[in-house]
Chemist: 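Just dropping this structure here.
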Amino acid sequence: GMLLDANRKQSDGARDNTHSTLNDLNFKTVLGLSDRQALTLRASHLIEDTQNTYSGITEAEFRNFGIRYNPFKNDQLDTKRTGISTTHEMDFGAGTQLLTNVYYSKFDRDWWRQSSTTTDTQASNFAASRLAGNAINVDAGTSVQGRLRSYYNWGVEPRLKMTHDVFGATSELETGVKVHFENQERRQINGASPTARTGTTSENNLRETSAYSAFAQNRILLGQWTVTPGLRYENIRSSRTNNLTAVTGKDTLGQWIPSLGGTYQAGSQTTYFAGVHRGFAPPRTEDIIGGTGTSTDVGPELSVNWELGVRAKPLADADLQATLFRNDFSRQIAVGSIAGGNTPLAQGESLYQGVEFSGQMGVTDAIYVRGVYTGVLTAEQKTAFRQVVGNAIVTNGAGGNSAAGNRMPYAPKHLLTAAVGYKLAGIDTQLEAVHVSEQFSDFANTDAASANGQLGKIAAYTIFNATLNYHFQPQHIKLFVAVKNLADKTYIVDRTRGILPGSPRLVQAGINYSF
């Protein structure tokens with residue numbers, strides 16, 4: 001078979017002077033090469049033309065102009081992505097299959113912007129005026145920065161699945177290797193006028209990564225028990241070349257990643273599950289290799305992650321799940337400044353643990369309820385998060401004055417999504433509530449909002465969404481309407497670069513016709 005789809009999406013954003021246009025083309029075909037072989041081919045091309053800024057707003061701008069305020073009408077983000085991949089499937093019989101995936105993609109991102117944060121001074125007098133809550137004239141700004149990026153990714157990944165016996169027990173083995181390469185061409189061009197798209201090159205970097213991995217996991221079936229041990233190895237090699245100075249730095253990282261999971265089928269409707277896994281995430285190339293070629297011993301992000309839970313179907317129209325989790329980080333990485341890159345990397349020990357409940361249940365033949373609750377009851381800084389260089393406590397807006405015992409930033413304690421629905425005679429409608437409890441925006445757990453908008457507690461918020469679907473029978477026509485943020489509530493979701501708002505009321509409506 002074959003699938004070809006084209007999408008065009010065009011919208012204004014959640015703030016002033018934001019607009020996006022996106023065109024997306026996708027193609028997929030599956031070829032039966034023989035009774036035991038199939039080949040899947042995929043291709044995609046995406047173009048995005050967006051008017052969008054990177055900076056939030058200050059507290060004074062929030063008071064004077066409202067949360068939707070964004071003066072940077074000259075900021076522009078343009079992206080293009082092309083991707084191709086092919087997957088070959090081979091069935092050898094006797095429960096053995098080989099699946100091989102080969103892929104390539106190229107992504108270009110040009111972002112021209114006059115400001116990256118509320119404290120950015122790249123344009124004339126912007127920071128002082130914004131802190132005072134005065135309107136700024138972006139057309140009189142003295143500069144614009146072009147953050148120009150090109151990313152190339154390609155690789156191959158074969159996976160073998162086979163059924164076999166181990167000591168008389170049926171087992172399912174999955175093993176594979178992956179070879180992955182990526183290059184990033186990174187430039188910054190400083191223009192002399194607000195709408196300039198050329199200028200002086202201040203950064204020209206080539207960042208290259210090659211990653212090699214192998215894994216094996218074996219699912220062993222022992223009556224009502226299932227045990228799945230696994231092991232993965234990652235080897236990552238990075239280099240960074242400063243094309244302005246011809247200086248190159250290199251770094252290599254290797255890591256073993258074990259895992260163990262298991263289930264117990266306590267009946268046809270109840271399953272208990274448990275697992276322990278090594279968490280691993282390598283540092284970014286720019287974080288371990290400086291622009292002068294120096295290598296910093298940052299190390300990977302490491303954690304041990306536990307879970308224990310149960311899935312049950314106590315009634316014919318009820319599905320329930322409960323889980324306890326614990327994520328213990330011996331090293332968590334935090335980047336001090338997302339935009340500027342001038343703040344050193346921070347790392348420390350942290351602990352997250354809590355519970356999660358989810359389920360859906362029919363109240364009557366037509367009415368049902370569903371919900372998901374996550375309680376991150378612990379999100380603790382076990383040690384002060386410190387800079388890698390000099391081991392000094394991070395004191396910038398994103399890092400704050402970290403201290404053991406503080407709560408991690410952007411880690412709300414309670415998250416709840418709950419809905420009630422009605423489904424009968426072609427009608428399916430739902431009313432949904434989404435609640436996020438209060439959270440801190442910095443490691444110091446600062447309560448009061450700072451003048452630049454980058455610090456301060458983010459208040460809890462609850463928004464309501466609604467959907468209505470009506471299916472005409474037997475004409476195969478479905479009408480749908482969805483409304484997000486039904487009450488058009490104003491709320492803050494981020495302070496990293498200044499105050500950023502959540503989405504205003506969004507209404508979508510359409511027709512689906514099947515033939």
Chemist: Any sub-3.5 Å donor-acceptor pair from Y410's side-chain atoms to T496's backbone N or O?
Modeler: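 Yes; judged by distance alone, with no hydrogens or angles, the pair exists.
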Chemist: Could you check whether any side-chain heavy atom of L22 comes within less than 4.5 Å of a side-chain heavy atom of L46, counting everything from C-beta outward?
Modeler: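 Of all side-chain heavy-atom pairs linking L46 with L22, at least one is under 4.5 Å.
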Chemist: Could you check whether any side-chain heavy atom of Q184 comes within less than 4.5 Å of a side-chain heavy atom of R149, counting everything from C-beta outward?
Modeler: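 The answer is yes; the side chains approach within 4.5 Å.
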Chemist: State, yes or no, whether a side-chain contact exists between K423 and Q430 at a heavy-atom distance under 4.5 Å.
Modeler: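 Result no, sub-4.5 Å side-chain heavy-atom pair not found.
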Chemist: Should the pair Y470 and F472 be assigned to parallel (<30°), tilted (30 to 60°) or perpendicular (>60°) ring geometry?
Modeler: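 Perpendicular.
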Chemist: Given side chain to side chain donor-acceptor pair (under 3.5 Å), test H88 with T100 step by step and report yes or no.
Modeler: CA-CA 5 Å; H88 178 262; T100 304; 5.2 Å; no
Chemist: Check the pair D328, R326 against salt bridge (Lys or Arg N to Asp or Glu O under 4.0 Å), reporting the backbone distance first and the verdict last.
Modeler: CA-CA 6 Å; D328 193 348; R326 176 185 172 93; 3.6 Å; yes
Chemist: Under the 3.5 angstrom rule, does the side chain of T417 hit a backbone N or O of V434 as a donor-acceptor pair?
Modeler: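 Here the side-chain-to-backbone pair does not exist.
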Chemist: Taking all atoms of both residues into account, what is the closest heavy-atom pair of K489 and R68, and its distance?
Modeler: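 Smallest heavy-atom distance, with atoms named: O-NH2, 4.0 Å.
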Chemist: R331 vs L302, test: side chain to side chain contact (heavy atoms under 4.5 Å, CB included). Steps then yes/no.
Modeler: CA-CA 5 Å; R331 182 189 292 115; L302 295 173; 3.9 Å; yes
Chemist: Evaluate the criterion ring pair (Phe, Tyr, Trp, His ring centres under 6.0 Å) for residue pair Y103 and W154; output intermediate values, then yes/no.
Modeler: CA-CA 5 Å; Y103 58 91; W154 65 99; 9.3 Å; no
Chemist: For the side chain of H19 and the backbone of S11, is there at least one donor-acceptor N/O pair under 3.5 Å apart?
Modeler: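 Checked: pair present.
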Chemist: Verify side chain to side chain contact (heavy atoms under 4.5 Å, CB included) between T228 and T226, making sure each step is shown before the conclusion.
Modeler: CA-CA 7 Å; T228 307; T226 299; 4.2 Å; yes
Chemist: Kindly check if the number of other-residue, nucleotide or ligand heavy atoms within 6.0 Å of CG (D165) is above 12?
Modeler: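 More than 12 within 6.0 Å, yes.
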Chemist: With D317, which residues qualify under salt bridge (charged side-chain N to carboxylate O under 4.0 Å, His left out), at least two apart?
Modeler: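 Here no residue qualifies.
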Chemist: So F357 and Y373, would you call those rings parallel, tilted or perpendicular, with 30° and 60° as cut-offs?
Modeler: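 If you compare the ring of F357 with that of Y373, the planes turn out parallel.
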Chemist: For residues P283 and P300, report the shortest heavy-atom separation together with the two atoms involved.
Modeler: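 Answer, listing the atom of P283 first, then P300: CD-CA, 3.8 Å.
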Chemist: For Y272, look at atom OH and say whether over 12 heavy atoms of other residues, nucleotides or ligands are found less than 6.0 Å away.
Modeler: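 No, OH of Y272 has 12 or fewer neighbouring heavy atoms, counting only those of other groups under 6.0 Å.
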Chemist: For the backbone of T117 and the side chain of S115, can you confirm whether one donor and one acceptor N or O come within less than 3.5 Å of each other?
Modeler: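 Such a contact is found between S115 side chain and T117 backbone.
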Chemist: Go through the steps for E61 and R63 under the test salt bridge (Lys or Arg N to Asp or Glu O under 4.0 Å), then give the verdict.
Modeler: CA-CA 5 Å; E61 287 174 322; R63 290 193 304 269; over 6 Å; no
Chemist: Determine whether P158 and V177 make a side-chain contact, defined as any pair of heavy atoms from C-beta on separated by less than 4.5 Å.
Modeler: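 Contact flag for P158/V177 side chains = yes.
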Chemist: Measure the shortest side-chain to side-chain distance between T263 and V227 over non-hydrogen atoms and say whether it is less than 4.5 angstrom.
Modeler: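 Side chain of T263 against side chain of V227, heavy atoms only: no contact under 4.5 Å found.
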Chemist: Would you call R81 and E48 a salt bridge, taking side-chain N to carboxylate O under 4.0 Å as the test?
Modeler: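 Salt bridge between R81 and E48, a charged N being under 4.0 Å from a carboxylate O: no.
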Chemist: Is the side chain of S259 donor-acceptor paired with the backbone N or O of H277 at a distance under 3.5 Å, no angle test?
Modeler: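 Judged by distance alone, no pair lies under 3.5 Å.
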Chemist: Quick one: do H164 and N218 satisfy side chain to side chain donor-acceptor pair (under 3.5 Å)? Show the steps, please.
Modeler: CA-CA 10 Å; H164 64 104; N218 195 73; 2.9 Å; yes
Chemist: Take F325 and Y352 through the test ring pair (Phe, Tyr, Trp, His ring centres under 6.0 Å) and record every step on the way to the result.
Modeler: CA-CA 8 Å; F325 63 86; Y352 302 84; 8.7 Å; no
Chemist: Counting only heavy atoms from other residues, nucleotides and ligands, does the tally under 6.0 Å from NZ of K106 exceed 12?
Modeler: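 Enclosed: over 12 neighbouring heavy atoms sit under 6.0 Å from NZ of K106.
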Chemist: Hey, is the main chain of G1 close enough, under 3.5 Å, to the side chain of T29 for a donor-acceptor pair?
Modeler: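 Yes; at least one donor-acceptor contact below 3.5 Å.
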Chemist: So, for S450 and E59, which heavy atoms are closest and what is the spacing to 0.1 Å?
Modeler: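 Closest approach of S450 to E59, heavy atoms only: O-CG, 3.0 Å.
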Chemist: Determine yes or no for a side-chain-to-main-chain donor-acceptor pair under 3.5 angstrom, with D110 supplying the side chain and D78 the backbone.
Modeler: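 Side chain of D110 to backbone of D78, a donor-acceptor pair under 3.5 Å: no, none is there.
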Chemist: Can you classify the ring geometry of W111 versus Y54 as parallel (below 30°), tilted (30 to 60°) or perpendicular (above 60°)?
Modeler: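 Correct class here is perpendicular.
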Chemist: Kindly indicate, with the supporting measurements, whether the criterion salt bridge (Lys or Arg N to Asp or Glu O under 4.0 Å) is fulfilled by E438 and K457.
Modeler: CA-CA 7 Å; E438 65 182 20; K457 187 180 290 185; 3.4 Å; yes
Chemist: Would the number of heavy atoms belonging to other residues, nucleotides or ligands and lying under 6.0 Å from CG of D447 be above 12?
Modeler: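 Yes - once you tally the heavy atoms of other residues, nucleotides and ligands closer than 6.0 Å, there are more than 12.
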Chemist: Please table the atom pairs, donor to acceptor, closer than 3.5 Å between any side-chain atom in residues 303-312 and protein atoms at least two apart or in another chain.
Modeler:
from: S303; atom 1: OG; to: N305; atom 2: OD1; distance (Å): 3.1
from: S303; atom 1: OG; to: N305; atom 2: ND2; distance (Å): 3.4

Chemist: Looking at every heavy atom in both R505 and V483, which two are closest together, and how far apart are they?
Modeler: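 Result for this residue pair: CG-CG1, 4.0 Å.
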Chemist: Treating R495 as the side-chain partner and G453 as the backbone partner, does any N or O pair qualify as donor plus acceptor under 3.5 Å?
Modeler: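 Judged by distance alone, yes, a pair lies under 3.5 Å.
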Chemist: Could you tell me whether I511 atom CD1 has more than 12 heavy atoms of other residues or ligands within 6.0 Å of it?
Modeler: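 No, because the 6.0 Å sphere around CD1 of I511 holds 12 heavy atoms or fewer from other groups.
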Chemist: Could you check if a side-chain atom of S116 sits within less than 4.5 angstrom of a side-chain atom of R147, using non-hydrogen atoms only?
Modeler: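 Contact flag for S116/R147 side chains = yes.
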Chemist: Please assess D108 against S150 for the test side chain to side chain contact (heavy atoms under 4.5 Å, CB included), listing each intermediate value before the final yes or no.
Modeler: CA-CA 4 Å; D108 296 311; S150 292; 2.7 Å; yes
Chemist: Is the side chain of R113 donor-acceptor paired with the backbone N or O of T53 at a distance under 3.5 Å, no angle test?
Modeler: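 A pair under 3.5 Å: no.
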Chemist: Is K313 atom NZ crowded by more than 12 heavy atoms from other residues, nucleotides or ligands, each under 6.0 Å away?
Modeler: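 Yes, the 6.0 Å shell around NZ holds more than 12 heavy atoms from other groups.
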Chemist: So, the side chain of N26 versus the backbone of D5: is there a donor-acceptor pair under 3.5 Å, distance only?
Modeler: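 The answer is no, because no donor-acceptor pair under 3.5 Å joins these two groups.
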Chemist: Establish, yes or no, whether the cationic atom of R36 lies under 6.0 Å from the six-membered ring centre of F92 and within 45° of the ring axis.
Modeler: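 No, cation not above the ring by the 6.0 Å, 45° rule.
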Chemist: What verdict does the side chain to side chain contact (heavy atoms under 4.5 Å, CB included) test give for I57 and N70, after you've listed the backbone C-alpha separation in whole Å, the side-chain angles of each residue and the deciding distance to 0.1 Å?
Modeler: CA-CA 7 Å; I57 60 175; N70 168 35; 5.7 Å; no
Chemist: Taking all heavy atoms of L320 and all of P314, pick out the closest pair and write down the distance.
Modeler: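 Heavy atoms of L320 and P314 come nearest at CD1-CG, 3.9 Å.
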Chemist: What are the two closest non-hydrogen atoms of Q381 and S402, and how far apart are they?
Modeler: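 That closest heavy-atom pairing would be OE1-OG, 2.6 Å.
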Chemist: Give the intermediate values and the outcome of salt bridge (Lys or Arg N to Asp or Glu O under 4.0 Å) for residues R159 and E89.
Modeler: CA-CA 10 Å; R159 291 190 175 207; E89 300 174 68; over 6 Å; no
Chemist: Is any side-chain heavy atom of Q97 closer than 4.5 Å to a side-chain heavy atom of L160?
Modeler: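 Result no, sub-4.5 Å side-chain heavy-atom pair not found.
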Chemist: Test the R407-F440 pair against the cation-pi criterion, namely NZ or CZ under 6.0 angstrom from the six-membered ring centroid and within 45° of the ring axis.
Modeler: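 Checked: cation-pi criterion not met.
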Chemist: Considering only heavy atoms from C-beta outward, does the side chain of E234 approach that of I257 to under 4.5 Å?
Modeler: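 Yes. Closest side-chain heavy atoms under 4.5 Å.
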